[in-house]
Structure formats: C-alpha cells, structure tokens
Amino acid sequence: WSRGCRTSRVQCSAKRLCLLPRYLISASCSWCAGLQYVGCFADAPSPRALPDLLADDPLMNITMCAAMAQARGYTVFALQQQTQCYGGFDKTLAIAYGPSSNCDMICPGAPAQMCGGDLANSLYQVPQPAESVVNISK
C-alpha cells in the first residue's frame, strides 16, 4: 500500500501507478465541485506536458483522475486518450505546448465527460484546501 502516495487507501504499483479502490472512486467527492477546468492543451510524446502517468484505466473519468492527483498532492492533472490520467505540479509546463481542439474523446467511465484526445490534455486544476485561521487570544 501507498508506495509514494499520500493516503493508505491508494495502492501504487512498482511503476508508481496509483490505483484507488473502486468504492472510493464511486463515493461522493465533496471537493470535486471545486475542480477548475483549465482547457484543452496539446501534449508531445517527449517530454510530456505533465510528467507522471497516474493511471491508464478502461473506466477512467474526471473524478477518478482528480482523486489520484489529489492523493499524490498534485496541483494539476489531465486526462488524455480516453483512459490516461497524468499529474504534475507546474501549470505553466502543462500549457506550454499551447491550446488544442482535439479533446474530443469520451471518458469510458462517464460517457457525459470528455477525457482528452490524441496528444491532447483535458487539463484541470486541483482545488487547494482552505488555510485554517487560528485565533490566539491572551
């Protein structure tokens, strides 16, 4: 469990692909409402706009990818080629190849969602937790 990931509920393989148990993916995602769609951006085979392939799953959807990215502490994530989920920390690198109009592939795990395209990333920003304010009085 949890090789390189931030939660014990995430299982990672030797290739560092992190898989969430299906019950967590299908559970309601309270923070997913805060996801910000950045847009559709081009990618290249090398170097990738986002460096870490989190999963290549035949049931990929936005919530699944978001949960894996959030569990790893990433600030941005993208879906590509219907089944691939990428994560990273640098939004500037994620958009470096410029806009694309090729995010036209349906997510197999949620047919109402789009999961990127051929070398095209449906890019999202992970909501950051609100900082807590502590009131210290003497």
Side-chain angles (χ1 to χ4, degrees):
W1 288 103
S2 190
R3 176 187 261 152
C5 294
R6 290 188 173 191
T7 174
S8 62
R9 293 180 289 184
V10 177
Q11 185 176 9
C12 298
S13 71
K15 292 182 180 179
R16 297 186 56 137
L17 295 181
C18 297
L19 304 173
L20 288 172
R22 295 277 179 218
Y23 74 89
L24 285 177
I25 294 164
S26 61
S28 136
C29 178
S30 60
W31 56 268
C32 285
L35 289 176
Q36 178 185 356
Y37 179 67
V38 179
C40 181
F41 291 89
D43 198 2
S46 182
R48 290 286 187 181
L50 290 173
D52 198 359
L53 176 64
L54 301 176
D56 191 343
D57 192 301
L59 294 176
M60 185 58 67
N61 60 64
I62 295 168
T63 303
M64 178 190 294
C65 189
M68 286 184 278
Q70 196 255 1
R72 294 283 292 269
Y74 287 129
T75 55
V76 290
F77 70 91
L79 298 111
Q80 187 179 127
Q81 200 73 35
Q82 284 188 305
T83 60
Q84 298 171 353
C85 173
Y86 289 88
F89 295 105
D90 193 338
K91 183 178 167 185
T92 303
L93 288 177
I95 64 174
Y97 291 114
S100 174
S101 59
N102 293 335
C103 292
D104 55 5
M105 293 185 175
I106 294 170
C107 296
Q113 300 175 356
M114 300 307 284
C115 277
D118 187 26
L119 290 177
N121 287 326
S122 293
L123 183 66
Y124 291 84
Q125 195 157 339
V126 177
Q128 298 304 303
E131 292 184 31
S132 58
V133 177
V134 178
N135 185 6
I136 301 174
S137 58
K138 291 185 177 184

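Along the sequence shown, residues carry numbers from 1. In this text the structure is predicted, and so the values were computed from the model without any measurement.
Rounding to the nearest 0.5 Å places CD1 of I95 at 13.0 Å from SG of C40. Atom CG of residue D57 and atom CG of residue L79 lie 11.0 Å apart, to the nearest 0.5 angstrom. With rounding to the nearest 0.5 Å, the separation of CG in L123 from CD in Q36 is 9.0 Å. In this structure, CD on Q81 lies 11.5 Å from OG on S122, to the nearest 0.5 angstrom. Taking CE of M60 as the reference point, atom CE of M105 lies at 14.0 Å (rounded to 0.5 Å). Atom-to-atom distance recorded for F77:CZ and Q125:CD is 10.0 Å, nearest 0.5 angstrom.
Y74 and D52 share a donor-acceptor pair across their side chains, judged by distance under 3.5 Å alone.
In this structure, D43 contributes its side chain and A49 its backbone to a donor-acceptor pair below 3.5 Å. Proximity of a side-chain donor or acceptor of Q113 to a complementary backbone N or O of C107 within less than 3.5 Å is not detected. Judged by distance alone, with hydrogens and angles left aside, the side-chain atoms of T75 form a donor-acceptor pair with the main-chain N or O of F89 at under 3.5 Å. For N61 (side chain) and T63 (main-chain N/O), a donor-acceptor pair under 3.5 Å exists by modelled atom type. Without hydrogens or angle criteria, Q82 side chain to I106 main chain gives a donor-acceptor distance under 3.5 Å.
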